[in-house]
Amino acid sequence: MSVQQLHLAVLPPTADGSADPGGLDGLTRLARTAERGGFDFLLLPESAKGGPEVLTALGALAAGTTRLGLAAGLGPAGHQPYELARRLASLDHLSAGRAAWSVTTGPTASDAERLRHGALPPDAGRHAHAAEFLRAARTLWDSWAEDDVPADPSDGTFVRPGAGAFVHHGTHFDLSGRFTTPRSPQGHPVVVRTVGSPRDLTSAAADAEVAVVPYTGLDEARALRQDLAERLAAHGRSPDGLRVLTAVGYALGDTAPAARDHAADIAGTPHEVADALTAYVRGGGSDGFLLTPHPGAGPLEDFVDRVVPLLRARGAHRTAYAGTTLRDHLGLAQARRPSRETAA
């Protein structure tokens, strides 16, 4: 029986909730370890307790890795669409198509804190603001068509007339002008949403390409995926356009009792953890996992050296990257816009 290959992503492991596992050197080691393990992406959230500026740090990581996706956990609060869309598109260019944006709806809390301590209080206004911010960003990214920059500029025409022109009129943002960053390798950075409430489910179904959901039992996880599928259909979307990742804390030990001394969702020997992850995905619980290593339970190297080989032996995880972009890793289609002649 063939086994569905699962997707893996990782949050930086920290003891205090900050997003700084030893500064840039520590983040670089983590990113290279995740890449060695064939992970889809690393998610670096904004931290309420200090740590590096997210997009600056990910830009540095782009130079130190070649395949790993780089996801920025950033909320619209404190940003403007033009500025943030340009910085995210720039990261996609710098990384040759490996950028993602985890759209957070809290003003200061990071995705990591939301996963560990529960969702922020519901706020319809906050969600509506974030949804329009994302629509505005996509308008900016789509202001460049596929053919606005010729593949061969030998004729001297480097940018076609009309490239970058945009208009967005909405409740929260009124924008028009010219976007100065050409269309990035993925078309758009991959959009990630963290789910902690029914309103988050609605947002994920409306505009996300990756949904990060809490760890639950398999029956509950399957029910949540069915809920998501129905919401996707209501938005005219196929389930193929959304990857569902379960956020799990894990701890490894040479014996099961030793591993279970740590408070983690999935704890055990490497064989037990590999079996549990494979069974969860094969059972329809999710498409993979966002790992949140338990502080003190061992570095990511332990997972990559002891669990990943077992997953690969089961056919449940890639042995090599098949493509170069994050969309390739996730099996997502390129974000495309109509040609310049037919675009609005």
Side-chain angles (χ1 to χ4, degrees), residues 41 54-55 58 69-95 97-105 126-149 162-194 199-212 231-232 234-238 240-243 325-328 330 332-344:
F41 62 89
V54 171
L55 285 167
L58 292 179
L70 303 168
L74 294 167
H79 297 279
Q80 291 297 317
Y82 189 101
E83 168 257 340
L84 189 53
R86 186 170 186 271
R87 295 182 70 196
L88 287 162
S90 296
L91 177 62
D92 206 41
H93 280 289
L94 288 171
S95 64
R98 296 183 283 134
W101 177 21
S102 179
V103 183
T104 60
T105 52
R126 186 175 67 239
H127 282 76
H129 178 271
E132 187 185 333
F133 193 109
L134 178 54
R135 290 196 301 273
R138 283 178 163 152
T139 297
L140 293 165
W141 293 328
D142 278 341
S143 65
W144 288 78
E146 302 289 340
D147 57 354
D148 278 339
V149 179
F166 67 86
V167 175
H168 171 89
H169 297 304
T171 302
H172 302 281
F173 305 105
D174 194 355
L175 308 169
S176 62
R178 211 167 276 280
F179 192 53
T180 58
T181 305
R183 195 167 186 85
S184 67
Q186 296 186 108
H188 300 170
V190 172
V191 172
V192 181
R193 288 277 200 171
T194 297
R199 187 170 280 118
D200 292 330
L201 281 172
T202 299
S203 297
D207 57 33
E209 292 158 302
V210 175
V212 179
R231 293 171 190 257
L232 284 164
H235 286 278
R237 300 182 61 198
S238 164
D240 290 341
L242 181 70
R243 298 291 170 266
T325 71
L326 179 54
R327 289 180 182 274
D328 291 335
L330 292 165
L332 294 170
Q334 177 86 354
R336 297 197 179 278
R337 184 205 120 148
S339 66
R340 184 171 57 89
E341 287 77 13
T342 58

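Bear in mind that the values here come from a model prediction, so they are computed numbers and not experimental data. For this chain, numbers begin at 1 and follow the sequence in order.
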Quick one: [atom1] on [X] to [atom2] on [Y], what's the gap to the nearest 0.5 Å?
{"X": "Ser143", "Y": "His168", "atom1": "OG", "atom2": "NE2", "answer": "13.5 Å"}
{"X": "Arg183", "Y": "Asp142", "atom1": "CZ", "atom2": "CG", "answer": "4.5 Å"}
{"X": "Thr180", "Y": "Tyr82", "atom1": "OG1", "atom2": "OH", "answer": "3.5 Å"}
{"X": "Leu175", "Y": "Leu140", "atom1": "CG", "atom2": "CG", "answer": "6.5 Å"}
{"X": "Thr202", "Y": "Arg193", "atom1": "OG1", "atom2": "CZ", "answer": "10.5 Å"}
{"X": "Leu330", "Y": "Glu209", "atom1": "CG", "atom2": "CD", "answer": "9.0 Å"}

Can you tell me if [X] uses its side chain to pair, donor with acceptor, with the backbone of [Y] under 3.5 Å?
{"X": "Arg237", "Y": "Ala234", "value": "no"}
{"X": "Gln334", "Y": "Pro185", "value": "yes"}
{"X": "Asp92", "Y": "Ala89", "value": "no"}
{"X": "Thr104", "Y": "Gly75", "value": "yes"}
{"X": "Gln186", "Y": "Ala99", "value": "yes"}
{"X": "Asp207", "Y": "Arg135", "value": "no"}

Please find the pair of heavy atoms, one from [X] and one from [Y], that lie closest to each other, and give the distance.
{"X": "Ala72", "Y": "Leu55", "value": "CB-CD2, 3.8 Å"}
{"X": "Leu332", "Y": "Gly241", "value": "CD2-O, 3.8 Å"}
{"X": "Leu58", "Y": "Leu70", "value": "O-CD1, 3.6 Å"}
{"X": "Ala206", "Y": "His235", "value": "CB-CE1, 3.6 Å"}
{"X": "Ala205", "Y": "Arg231", "value": "CB-CB, 3.4 Å"}
{"X": "Val103", "Y": "Ala130", "value": "CG1-CB, 4.4 Å"}

task: Check the pair Glu132, Phe173 against side chain to side chain contact (heavy atoms under 4.5 Å, CB included), reporting the backbone distance first and the verdict last.
output: CA-CA 8 Å; Glu132 187 185 333; Phe173 305 105; 3.7 Å; yes
task: List the steps, then state whether side chain to side chain donor-acceptor pair (under 3.5 Å) holds for Asp200 with Ser203.
output: CA-CA 5 Å; Asp200 292 330; Ser203 297; 5.2 Å; no
- request: For the pair His129 and Thr171, evaluate side chain to side chain contact (heavy atoms under 4.5 Å, CB included) and give the outcome as yes or no after the intermediate values.
  value: CA-CA 8 Å; His129 178 271; Thr171 302; over 6 Å; no
field: Set of residues satisfying side-chain contact (heavy atoms from CB on, under 4.5 Å) with respect to Ala335, sequence neighbours excluded
entry: His188, Arg327
- prompt: Are more than 12 heavy atoms from other residues, nucleotides or ligands located less than 6.0 Å from atom CZ of Arg86?
  reply: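 It does not: Arg86 CZ has 12 such atoms or fewer within range.
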query: Are Phe133 and Leu84 close enough that some pair of their side-chain heavy atoms sits under 4.5 Å apart?
result: yes
Side-chain heavy-atom pair Thr105, Arg199 within 4.5 angstrom cut-off: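 Side-chain contact under 4.5 Å: no.
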- prompt: What is the ring orientation for Trp141 with Trp101, classed by angle as parallel under 30°, tilted 30 to 60°, or perpendicular over 60°?
  reply: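 Ring orientation, 0 to 90° scale: perpendicular.
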